[in-house]
Structures are given as C-alpha cells and as structure tokens.
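The block underneath contains the structure these notes are about, expressed in structure tokens.
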Number of protein chains: 2
Amino acid sequence: MVATTPALSPVKARIVNAALELFAEHGVGGTSLQMIADHINVTKAAVYHQYRTKDEIVLAAAESELARLAAVLDTAAAAGSPDRVREELLIRIVDLAVERRRMESTLLGDPVIVRFFANYQRYRQVMRRLHRMLMGDDAGPRANVRAAMLLAAIGGAVMHPLVSGLDEATMRAELLRLARRFLDLPD
Amino acid sequence: MVATTPALSPVKARIVNAALELFAEHGVGGTSLQMIADHINVTKAAVYHQYRTKDEIVLAAAESELARLAAVLDTAAAAGSPDRVREELLIRIVDLAVERRRMESTLLGDPVIVRFFANYQRYRQVMRRLHRMLMGDDAGPRANVRAAMLLAAIGGAVMHPLVSGLDEATMRAELLRLARRFLDLPD
DNA sequence: GTCTATAGACCGATAGAC
DNA sequence: GTCTATCGGTCTATAGAC
C-alpha cells in the first residue's frame with residue numbers, strides 16, 4: 001500500500017464530480033466555475049469557499065481519477081502470483097476505462113494536465129507501480145514505449161469515433177483480448 | 001484520390017499554424033484569439049478579417065491535421081500490393097505521430113472536436129479509408145476496436161509522460177515494431 | 001456554508017479609418 | 001490586410017451579510 005489521497009468532504013466531492021462531468025463534455029479550458037456552480041445549484045462564491053482557485057479544482061479532479069487508478073492497483077496487487085496480478089490488473093484497467101470513458105481520457109489528454117502530471121510525485125509513483133505490475137522486471141525505454149502504448153490504446157480507444165456506437169460488453173471483451181495479445185499473454 | 005481540402009492562403013496558414021501550436025500547449029478551450037494574434041504579431045481584428053469566428057479557426061486547424069493524415073494515405077496507397085500499402089502506411093502514421101506529437105493528439109483528444117468529427121463527413125471518409133487500408137476486408141465491430149486501439153496507441157503513446165525523455169529514433173522504431181505485432185505482421 | 005454584489009481583467013466580435 | 005477603438009458579455013476572484 002502506498003500513500004493515499006485523503007477522502008473528500010461530501011461538498012468537495014460534489015464539486016469535483018461536477019467538474020469531471022463538465023471537463024469530459026467541454027474540456028478543461030472550456031469549463032468555467034460558473035458552469036460548475038450551476039451544475040450543482042449553488043453560486044460561484046459557494047464553490048470558492050471550498051477551493052480557492054480553479055486550478056485547485058482541476059488538480060482535485062485529476063487526483064480523484066488518479067485515486068481510482070491507484071485503487072485498481074491495490075486490488076489487483078492482492079491477486080497472488082505476478083501472472084495473476086497482471087491478469088487482474090488488465091481486467092480492472094479495461095473496466096475503469098470503459099466506465100469512466102471521457103473523464104479519464106479527457107483529463108489525461110489535456111496538455112496542461114499532462115505537463116503537470118509529468119513532474120507530479122504521486123502520478124509518477126502510481127505509474128511506476130503500474131509499469132512494474134504490467135511489465136515485471138522488463139525495464140528500459142522499450143518497455144516504457146510498450147506500457148505507454150498499451151495504456152494509451154485502452155484509454156484512447158474507448159472515446160474513438162470508430163467505436164462510438166459499440167456496446168460495452170463487446171468493447172470490454174475486445175479491449176481485454178487485444179491487450180493480452182499485446183503483452184504476449186495467452187487468450 | 002478523394003476530395004481534398006483547398007490549400008490555405010499564406011495568411012490563413014500562419015493563423016492556423018499558430019493556433020495548432022497554442023492548442024498543443026494550452027488546449028483548445030485555453031487558447032484565445034488574442035493569444036493567436038500575439039503569436040504572429042498582429043491584432044485580433046486582423047485575425048477576424050480571415051476567420052469570422054473562433055470556431056472557424058478551430059475547424060480549420062482540425063482540418064489541417066486531417067489533411068496531413070489524408071496525404072499520408074495517398075502516399076501509402078501508391079505502394080502497390082495491399083501488404084506493401086499497409087507497411088508503408090504504418091511507417092508514415094508513426095512518422096506523423098512523432099513529428100506532430102501534441103498537435104495531433106491534443107486536437108483529436110479534445111472532447112469538443114471528437115464530438116464534432118464523429119459526424120463530420122470528411123473525417124469519416126478518411127477514417128473509413130484508413131480502416132480499409134489497415135484491416136483489409138476484416139470489417140465488423142471487433143476490427144473497429146482493433147483499429148481504434150492501434151491509432152490511439154500510436155497517437156497517445158508519443159505524449160505519454162512515461163516516454164517524455166525518449167529520443168525520436170528509438171520511439172519511432174519501437175512504435176513501428178509494436179504496431180506490426182499488434183496486426184500480426186512479421187518484424 | 002451559502003448568498004448578493006461587485007471588482008477588474010479578458011473574452012469573442014464589430015465598426016470604421018488607412 | 002492591418003490598424004485603433006470599442007461593445008456587451010463572461011471570466012476568475014473577493015467582500016461582506018445571513
């Protein structure tokens with residue numbers, strides 16, 4: 001178990017969840033505090049009482065999604081052998097991507113957040129752990145490219161126009177099947 | 001050859017290129033007309049003389065990147081047999097992704113643009129053609145997921161923090177190698 | 001914890017001179 | 001084709017009452 005983000009108060013959680021929904025629809029830069037306030041039927045001032053700047057809300061929203069990923073790692077890590085851990089991890093990452101669709105992808109695709117996370121301790125910590133669970137001791141730049149491709153493939157495919165009409169079950173099954181193949185695992 | 005976008009005047013091209021650079025850095029919603037104007041040392045009014053709204057600039061920028069992809073398809077299509085076409089296509093898509101990095105990915109990751117492109121004729125046309133060249137006659141939802149994953153993997157991996165320090169040559173080679181494996185092609 | 005009201009900057013967009 | 005000047009509106013953020 002690694003250090004965890006403290007749970008949000010109910011009021012803050014409402015703000016962060018509203019922010020995530022709006023980010024997914026309008027992008028981070030296209031979402032204003034007024035929109036967030038309207039979405040939960042309070043005034044801007046009430047939002048500012050919880051978070052002092054918009055940046056703090058963006059950070060809290062990004063951390064909230066990061067915490068979901070960290071929780072997935074924790075659960076998978078308890079699966080036993082490295083092989084079973086990796087299998088469990090793939091299943092749960094696919095589930096997370098399908099469930100959260102645009103929220104994960106939009107946040108982690110936003111250039112401002114990408115740049116911020118690149119030097120953000122907690123993010124790097126989670127990514128290192130994820131990388132180790134996926135790739136074992138296969139380190140080095142080539143393993144990094146492979147891990148980046150796999151994560152981008154799962155996260156990005158779910159919001160690709162090519163699959164916009166697809167039912168969730170097929171999506172899940174196919175993502176999982178191809179992810180396994182990508183890692184040279186048996187079907 | 002399919003219908004092409006008419007070439008931009010030099011002035012419009014300057015605006016669109018500035019917009020693309022700024023979108024990659026600040027996101028679409030985080031980029032203002034003032035920023036675009038400043039970036040090419042003119043006033044907002046001069047920009048408005050070329051494009052009547054910000055949306056028109058966003059569209060022109062997205063179409064510009066789409067045109068690059070279409071040009072890649074045209075070049076690859078001339079390679080001969082379906083196998084050689086696919087090989088050429090992979091090489092050039094990887095090159096495009098590495099060269100354009102955040103421009104492609106940010107634009108195609110923006111939720112507003114994703115939603116717009118999903119019903120945009122030219123985009124669907126290019127994607128259909130790309131899909132056919134990649135997957136041959138392998139149609140259906142499962143092939144769609146595979147194509148979406150491959151495109152997302154290539155486009156998304158290049159801007160992933162995991163590979164932020166990596167040199168371009170290794171990046172290109174490894175992306176290409178893994179893309180081939182993903183399609184069951186020989187190394 | 002939520003409100004009303006407001007400050008000051010910046011937004012997209014337009015008018016009209018050169 | 002670019003400029004200055006300006007419009008009305010929205011933005012982030014704050015002050016102060018309840």
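Keep in mind that this is a model prediction, so the values were computed, not measured.
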To the nearest Å, give me how far apart [atom1] ([X]) and [atom2] ([N]) are.
X     : N      : atom1 : atom2 : answer
A:Y51 : C:dG1  : OH    : C1'   : 15 Å
B:L33 : D:dC3  : CG    : C1'   : 16 Å
A:H49 : C:dA5  : NE2   : P     : 20 Å
A:Q34 : C:dC3  : CD    : P     : 11 Å
B:Y48 : C:dA13 : OH    : P     : 4 Å
A:K44 : D:dA15 : NZ    : P     : 15 Å
A:I57 : D:dT12 : CD1   : P     : 9 Å
B:H26 : C:dC11 : NE2   : C1'   : 16 Å

Heavy atoms, side chains only, cut-off 4.5 Å: are [X] and [Y] in contact?
X      : Y      : result
B:L150 : B:I93  : no
B:V98  : B:I154 : no
B:E25  : A:R115 : yes

A:A46 side chain: which of D:dT2, C:dG12, C:dC3 is closest?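 Looking only at heavy atoms from C-beta outward on A:A46, the closest nucleotide is C:dC3.
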Phosphate-side-chain proximity, B:S32 and C:dC11, N/O vs OP1/OP2 below 4.0 Å: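 So the side-chain polar atoms of B:S32 do come within 4.0 Å of the phosphate oxygens OP1 or OP2 of C:dC11, strictly under.
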Please determine if a side-chain N or O atom of A:T43 lies less than 4.0 Å away from the OP1 or OP2 oxygen of C:dC3.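 A:T43 to C:dC3 OP1/OP2: side-chain N or O found under 4.0 Å.
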Closer to the 5' end of DNA chain D via nearest nucleotide, is it A:T31 or A:A45?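 The 5'-side residue here is A:T31.
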Hey, does the side chain of [X] reach the backbone of [Y] with a donor-acceptor pair shorter than 3.5 angstrom?
X      : Y      : answer
B:R172 : B:V94  : no
A:D110 : A:T106 : no
B:R142 : A:T170 : no

Close residues, residues 7-17 of chain A, relative to DNA chain C [heavy-atom separation under 4.0 Å]: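 The answer is A:V11.
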Looking just at side-chain N and O atoms, do B:D38 and B:Q34 make a donor-acceptor pair shorter than 3.5 Å?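 A pair is found: one side chain offers a donor N or O, the other an acceptor, under 3.5 Å apart.
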